[in-house]
Amino acid sequence: MRTIRAAAAGAVVMSFALALTACGGGSSTDGGGSDDSPKELTYWASNQGASIEIDKKVLQPELDKFEKETGIKVKLEVVPWSDLLNRILTATTSGQGPDVLNIGNTWSASLQATGGLLPWDDANFAKIGGKDRFVESALGSTGARGQDPAAVPLYSMAYALYYNKQLLADAGISGPPATWDQLVADGKKIQAKGKQVLGAEGANVSENVHHVFTFAKQHGVDFFTADGKPDFTSDGAVSAVKQYVDLMAKDKAIPQGNAEYAQNQSVSDFAKGRTAFLLWQSAAANLKSQGMDEDKYGIAPVPVRSGTPGTGAQVNSMVAGINLAVFKNTDNLDGATKFVKFMTSDEEQKILNKAYSSIPPVATAQADPAFNTPANAVLKDTLAKSAAALPQVADESQFETVVGTAVKELFAEAAGGRAVTTESVKARLEKAQQQMPTK
């Protein structure tokens with residue numbers, strides 16, 4: 001969903017079923033949007049860079065460019081991931097919010113269900129150049145199937161396995177592992193040289209969900225039934241969660257201290273040479289900002305249980321990324337649409353995705369040579385061949401919170417030296433499922 005994200009535990013305590021009132025300036029009350037404030041926009045951007053200040057340095061020149069072209073001033077606020085979903089939900093109920101905002105693409109269906117976002121039907125897509133400009137994998141995480149998208153893709157990302165070349169060489173390892181068993185075996189060699197193996201954000205509920213979702217796909221299951229009902233306690237789901245937590249509890253590949261990580265400390269550990277491997281979304285810009293040169297690390301596909309990455313049981317990433325949404329009752333509907341067109345133009349897609357080391361979801365921008373580096377080739381190949389969208393169901397954000405919290409609690413148990421068994425994993429997932437909304 002993003003390059004930098006802190007834990008969002010408790011973010012969905014509010015019900016998505018709450019009725020929406022006026023947003024995006026608060027003067028429109030019919031929910032249909034207006035152009036009452038044609039010369040200004042408020043934009044909530046997500047924290048994509050290593051800090052909010054870095055995001056402002058990236059975005060403000062582009063917003064100034066938009067103002068020069070259109071005469072519309074954009075008031076920017078970069079919102080931390082730990083606050084973003086709560087801020088959006090508060091805006092939908094208070095009537096005070098932005099005109100345009102970034103959302104994690106995994107939230108698309110949940111926020112769509114509130115009715116508060118502008119639907120991107122064919123007519124609205126035509127205003128920004130057409131739906132066919134966007135790659136299929138990115139459009140797959142813009143809302144529920146059979147409905148007009150609730151948002152437009154802005155940045156595309158995928159998970160990859162980042163590895164420290166020198167630490168692998170010091171341990172006598174010739175290249176990155178292709179399977180989880182190989183990673184665990186390599187880890188023992190790395191630990192023998194006094195280094196940590198694999199970084200994780202054990203207290204970050206969204207990171208937890210991203211990884212256990214991928215493990216679940218590798219076990220041939222989803223966390224929801226075909227008709228969208230929670231199914232957290234199937235044998236495959238339980239095995240998937242246990243396999244991920246066992247990387248700390250049994251295999252000792254993830255350091256116990258990482259059970260408390262939720263603010264991207266695993267990225268810092270990797271950048272500082274403490275850890276040999278890192279699972280992350282489009283980490284290059286983040287690592288560079290922390291002083292790690294690109295020639296010090298390599299990028300490989302996330303391991304699978306067996307074989308090579310692909311579809312089905314070889315899925316090795318969720319479809320990560322950021323979408324751009326418009327509140328349906330904005331005071332500047334025309335300006336908001338122009339802003340989305342600007343941000344998804346080929347020129348801006350190249351500028352912004354280069355800055356965040358992400359992949360443009362606009363096909364023509366993605367073809368730019370700047371995105372054909374070896375590192376980007378892994379990410380693009382993953383998005384095209386072996387990534388799956390998280391369930392596009394109305395309760396997806398609640399799923400992130402309750403299952404992500406269950407995994408957080410299991411990591412805490414592992415860090416405390418308590419046994420993580422199939423029974424204890426199933427009990428946590430049963431509790432999580434009971435916390436989901438009932439229809």
Side-chain angles (χ1 to χ4, degrees), residues 158-204 207-208 210-212 214-215 218 239-284 286-287 290-306 309 316-317 375 378 382 407-408 410-420 425:
Y159 278 92
L161 182 70
Y162 293 77
Y163 60 94
N164 185 305
K165 295 178 181 178
Q166 188 61 54
L167 294 188
L168 265 62
D170 290 346
I173 301 168
S174 59
T179 68
W180 293 111
D181 285 346
Q182 290 172 5
L183 185 144
V184 171
D186 287 346
K188 298 184 186 308
K189 300 176 183 177
I190 291 163
Q191 288 171 324
K193 294 295 182 178
K195 294 294 184 177
Q196 298 175 351
V197 184
L198 175 65
E201 301 282 314
N204 185 320
E207 281 290 312
N208 288 340
H210 295 171
H211 295 308
V212 298
T214 298
F215 275 93
Q218 294 184 6
S239 296
V241 171
K242 188 174 187 300
Q243 184 184 1
Y244 181 52
V245 177
D246 270 348
L247 288 171
M248 177 186 293
K250 180 172 71 74
D251 304 319
K252 312 302 181 185
I254 297 174
Q256 289 182 331
N258 287 29
E260 299 180 359
Y261 281 10
Q263 301 287 344
N264 312 300
Q265 296 98 318
S266 61
V267 183
S268 296
D269 283 349
F270 183 80
K272 294 172 183 176
R274 298 170 181 164
T275 307
F277 298 114
L278 173 71
L279 293 174
W280 208 255
Q281 301 174 28
S282 307
N286 194 342
L287 295 172
Q290 298 195 51
M292 191 176 196
D293 294 335
E294 289 186 14
D295 62 352
K296 302 297 184 184
Y297 64 87
I299 303 177
V302 173
V304 293
R305 294 179 71 197
S306 64
N316 68 343
S317 177
V378 173
T382 295
V407 178
K408 173 184 173 180
L410 289 165
F411 272 129
E413 290 181 5
R418 293 186 292 276
V420 175
V425 172

Show the atom names and distances, to 0.1 Å, of all donor-acceptor pairs under 3.5 Å that link a side chain in residues 168-181 to residues at least two apart or in another chain.
{"unit_1": "Asp170", "atom_1": "OD1", "unit_2": "Gln166", "atom_2": "NE2", "d": "2.7"}
{"unit_1": "Thr179", "atom_1": "OG1", "unit_2": "Gln182", "atom_2": "N", "d": "3.2"}
{"unit_1": "Trp180", "atom_1": "NE1", "unit_2": "Gln218", "atom_2": "OE1", "d": "3.1"}
{"unit_1": "Trp180", "atom_1": "NE1", "unit_2": "Pro303", "atom_2": "O", "d": "3.2"}

How long is the straight-line distance from OG of Ser317 back to CG of Leu279, given to the nearest 0.5 Å?
9.5 Å
Are the side chain of Lys252 and the backbone N or O of Ala249 linked by a donor-acceptor pair below 3.5 Å?
yes
Donor-acceptor check, side chain of Tyr159 to backbone of Val302, threshold 3.5 angstrom: yes or no?
no
Quick one: does Asn204's side chain have a donor or acceptor within less than 3.5 Å of a partner on Gln263's backbone?
no
Provide the closest heavy-atom pair for Ala160 versus Ile299 in the form atom of the first, atom of the second, distance.
CB-CG2, 3.5 Å
How many angstroms lie between atom CD of Glu201 and atom NZ of Lys408, to the nearest 0.5 angstrom?
12.0 Å
Which atom pair, heavy atoms only, marks the closest approach of Pro301 to Pro309?
CB-CG, 3.7 Å
Residues in ring pair (Phe, Tyr, Trp, His ring centres under 6.0 Å) contact with Tyr244, at least two apart in sequence or another chain
His211, Phe215, Phe411
Could you state the interatomic distance from CH2 (Trp280) to CG (Asn286), rounded to the nearest 0.5 Å?
7.5 Å
For residues 269-278, which side-chain donor-acceptor pairs fall under 3.5 Å, sequence neighbours excluded?
{"unit_1": "Asp269", "atom_1": "OD1", "unit_2": "Arg274", "atom_2": "NH1", "d": "3.0"}
{"unit_1": "Asp269", "atom_1": "OD2", "unit_2": "Tyr261", "atom_2": "OH", "d": "2.7"}
{"unit_1": "Thr275", "atom_1": "OG1", "unit_2": "Gln196", "atom_2": "OE1", "d": "3.2"}

Could you point out which residue of Leu167, Leu287, Asn164 forms a side chain to side chain contact (heavy atoms under 4.5 Å, CB included) with Tyr297?
Leu287
d(Gln290 CD, Met292 CE) to nearest 0.5 Å is 10.0 Å
Please name the pair of heavy atoms, one in Gly202 and one in Asn208, separated by the smallest distance, quoted to 0.1 Å.
O-ND2, 3.1 Å
Do Leu198 and Leu247 pass the side-chain contact (heavy atoms from CB on, under 4.5 Å) test, and can you show the C-alpha distance, the side-chain angles, and the key distance before you say yes or no?
CA-CA 9 Å; Leu198 175 65; Leu247 288 171; 4.1 Å; yes
Measuring from Lys165:NZ to Asp295:CG, what's the distance to the nearest 0.5 Å?
6.5 Å
For Ala375, does its backbone N or O pair with a side-chain atom of Glu294 as donor and acceptor, under 3.5 Å?
no
Would you confirm whether Asn264, through its side chain, and Val267, through its main-chain N or O, come within 3.5 Å as a donor-acceptor pair?
no
On a heavy-atom basis, the closest approach of Val197 and Ala253 is CB-O, 3.1 Å
For the CD atom on Glu260, are there more than 12 heavy atoms of other groups (residues, nucleotides or ligands in this structure) within a distance under 6.0 Å?
no
